[in-house]
Every structure is written in C-alpha cells, then in structure tokens.
Amino acid sequence: MLDHPRLRLAPRMSRLRPSPTAEISQRLRRLAAEAREVINLGEGELDFDTPVHVRRAAHDAIERGETKYTSVAGTQVLREAIRDKLHNENGLDYTLDEIIAGPGAKPLILDALMATVSPGDEVIIPAPHWVSYPDMARLADGEPVILPCDAASDWKPTPERLAAALTPKSRWLVLNSPNNPTGAILTAEELSALARVLAPYPDVLVLCDDIYEHIRYDGLPFATMPEVEPALKSRCVVINGVSKAFSMTGWRLGYAAGPAPLIKAMETLQSQSSTNASSISQAAAVAALREERDFMDEWLTTLDERRHIVLEAIERAPGLACGRPQGAFYAYIDCSGLIGRKRPDSDVIKTDGDVAAWILDASGVGLIPGAAFGTSPYLRLAYAVDTDVLRRAMQGIVDACKQLG
Ligand SMILES: Cc1ncc(COP(=O)(O)O)c(C=O)c1O
C-alpha cells in the first residue's frame, strides 16, 4: 500500500481472508530458508504422480494441436465422459447442457453461488468445513450460516440442527462428503433424513461437493444427494473434478452437473472470467474419467497405511485425540488436552493456533488450526506425503507434545 498511495481496494476485499493453508505454507517456507527440516502436513494435495496414461493423453492433445479455446462449458468429448461417469458410477442421468467443466471445482462452486445468491441470502455450511465456503458465500453477497457439527455425531450435520438453521432466507445447503477436514462420509440414510427436512423449503438448493468421492476406506460406500433423493435432483448441483482422485491438482479441472438454467448461468459467468478450462487438461480428464483405474487401489492401500500411522502416533501423543477418518486424506485432531499447557519457553498454549505454532517450532511440522475450518481446538493433518516422511513427522509431533509442561 505504501508503494501505491493511490491504490484503493474494493470493499468486497474486506470480506475475504487469505487462504489459511497458504499462510502456513509461507511460514514453512520461512523455516526452510533457515535450513531447518520442515514437513508440510497442511496441504490438501496428494504426493502421487498423475497416472501415466493421463499424462500421455495430454501430450497427445498437444501434438494434435488441441491448444486453442474450447467451448466455454468444455469440449463435447469431455462433457460426454462426465455424463457417462455420472451415469455409470452414480446412477445420475444428465444431458450435456446440464454439465459444465471449468478450471477446478473451486471456481465452479463460486460460480454456482454467484449465479444464485442475492444480497443477504443465507448459505448453510456445516462445520467443520472446507476453508473456502464461507468466503465464497460472502463474495457472492450472501451470509454464511455455520451449522455446527460435533465429534459426538461423527462430524455430520443432523436433521435437527439443519431444521434449526433453516430460515426463509436460506438459499443453499453445502454438503461435502467425504469431508474436508474430518473425512466423515454421509450415508444414504443420513442424506434422506436431511432431504426430509429440506422438503418444505423448495427454494433451498443443495451443493454436493463430491471432490473426495473416490477416497474412502474400510469399504464404505459413496452416496450423493440427487442419487439418493431423485425428487431433489432439480435443486442439487453436483461438484466434482480430477484434482484429488487422480492427483491432478495442478491441472485445474473440475466439473458441475445440475439444472440446465443454473449451468447456463455458470457458463455465462465463466465466459466472462476464465473462458474455459485448459484444453490440454480437458483432454487429460477424458482419459482419467474413461480409462482403467487400477492405480487407484494401490493409492488407497498406501493412504490407508498412512491413516493407520497417523492414528497410532496420535494415541502416543499426550494431549491429542482423533477419531478414525472414513475418507479423504485428513485427520482432524482434538488438541483440547494441550490447551493451558506450557511451552518450555514458558508461553502458555491458549488456542489451536498456538498448538500448531508450537508443533511447527518444535518439530518443523506444519498443521492447520481447526479455527480455519470453523471448530476449535482442533488441528487438521493431511497425510498426503511420502510414508517415511509422514512417520518422521508423526514422531516429531509426539515429541513436541511430550515437551509441554
Ligand atoms: C472440499 C473441497 N472442495 C473443492 C476443492 C477444490 O478442488 P479443485 O482443485 O478442483 O479446485 C477442494 C480442494 O482442496 C476441497 O477440499
């Protein structure tokens, strides 16, 4: 600002916080610059390489000259692949004008809100929640209404709490299963119970953020609202993408399916912002969605092993506790046992932010405080790093907890 005394930011900027995950990464980079070993367990990104057949499809697209603008909603072949994926894997039938591809799931969620939320409309967000939903609701001139969930209900929104949160201003209910940050998976029965509460509110739309669909453990099945409750399909938007399941975060490719007028409005927004997802990423996503998925079993076995490493270490860490995550690649750790304890340098730990700062200082391991996800005192740990690195990080966390007075 000092360099630009005349630069005035728009009021909407005051409604946004910088992503807390980016903040912790910055602190980690600072420690790394001091030549300390740092391990970032804050980032929601798998360490696996994008599968080779997907990378090859991208090369082939470049060689074929598919390097130009595509239609805004995505190439026809990609939308057909998405249509077939939704039909074959989720029992959902959509026409091509009910499907849009975009540069990640993230901008599509924002577009869905931007296209539908009027000033003051309420967006119901069960907490703990992905960091971006409340800011996106505010960016769209809406009011985030946080629906608190707790460990006692396995971090899932209950029908009673949803009923208490609904008002005439409610516009959206955001569902995210498997959940970031808790890993909780909503069952078909639980979705039906929520649908019954929504029945008398025909203006409330349901955003089903299914981005972690494929990352589930212990053979748990996946369910999404429009599949379980076809009567609600006309007011559901399914959000998904290739970032998590195919380790393609950097390719920026997500998709949405929902009622044609909403998808059309999202297309209009995209036509005036990003235009279309990268043509090369679109070709790669066709291969990801259409071709064999043998690699996924191996990935899930590795992630499951890491999940156990995390849970076993948390049991050994005084002051920490964690339930068994059902999906995604996060552990949501209760650190209430460390609040009020003393750092060796005599600072008293008061918040989950203080716990994360202590663990970072003592062991070089970066975790995200639960405050970023709307519940405290918790820590989110992403076990998406190399297994041996994870083992070292977990030992560092255990040692850091033991050093507290
Ligand atoms: C719950 C949730 N939704 C959406 C996204 C964004 O996915 P994409 O990389 O496709 O934009 C993330 C990424 O962390 C996420 O955790």
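Indexing begins at 1, ligand by ligand and atom by atom, following the structure's order. Here the structure is a predicted model, which means the values were calculated and not measured.
Both tests hold for K233 against Y94: distance to the six-membered ring centre under 6.0 Å, angle to the ring axis within 45°.
Residue Y212 approaches ligand 1 through these ligand atoms, each under 4.0 Å from one of its heavy atoms: 1 (C), 14 (O), 15 (C), 16 (O). Near S243, with a cut-off below 4.0 Å to any heavy atom, the atoms of ligand 1 are 8 (P), 9 (O), 10 (O).
Remark: the backbone N or O of T70 is paired with a side-chain donor or acceptor of N276 at under 3.5 angstrom. Not one N or O on the side chain of D135 forms a donor-acceptor pair closer than 3.5 Å with the backbone of S132. Using modelled atom types, no side-chain atom of E291 and backbone atom of V54 make a donor-acceptor pair closer than 3.5 Å.
Proximity of H308 to Y383: side-chain heavy atoms (C-beta onward) are nowhere separated by under 4.5 Å.
For W172 and Y133, the ring centers are positioned 6.0 Å apart or more. For Y330 and Y212, the ring centers sit closer than 6.0 Å to each other.
Between D209, N180, T249, I239, it is D209 that holds the heavy atom closest to atom 2 (C) of ligand 1.
For the ligand labelled ligand 1, residue E45 lies outside the 4.0 Å heavy-atom shell. Residue contact annotation: G254 has no non-hydrogen atom under 4.0 Å from ligand 1. Close to ligand 1: Y133, with a non-hydrogen atom less than 4.0 angstrom away. Within the 4.0 Å heavy-atom shell around ligand 1 one finds G104.
E213 and N90 are linked by a side-chain donor-acceptor pair at a separation below 3.5 angstrom, with hydrogens and angles left out of the test.
When the shell of 6.0 Å around CD of E298 is examined, it contains 12 or fewer heavy atoms from other residues, nucleotides or ligands.
Annotation: P107 places no N or O atom under 3.5 Å from an N or O atom of ligand 1; distance criterion only. Checked against a 3.5 angstrom limit, the closest N/O atoms of Y330 and ligand 1 fall outside it. Considering backbone and side-chain N/O atoms, N176 never comes within less than 3.5 Å of an N/O atom of ligand 1.
Closest to atom 7 (O) of ligand 1, if we only count protein heavy atoms, is A105 CB, 3.7 Å. The nearest heavy-atom contact from the protein to atom 11 (O) of ligand 1 is R252 NH2, 2.8 Å. Here the protein heavy atom with the shortest distance to atom 13 (C) of ligand 1 is K244 NZ, 3.0 Å.
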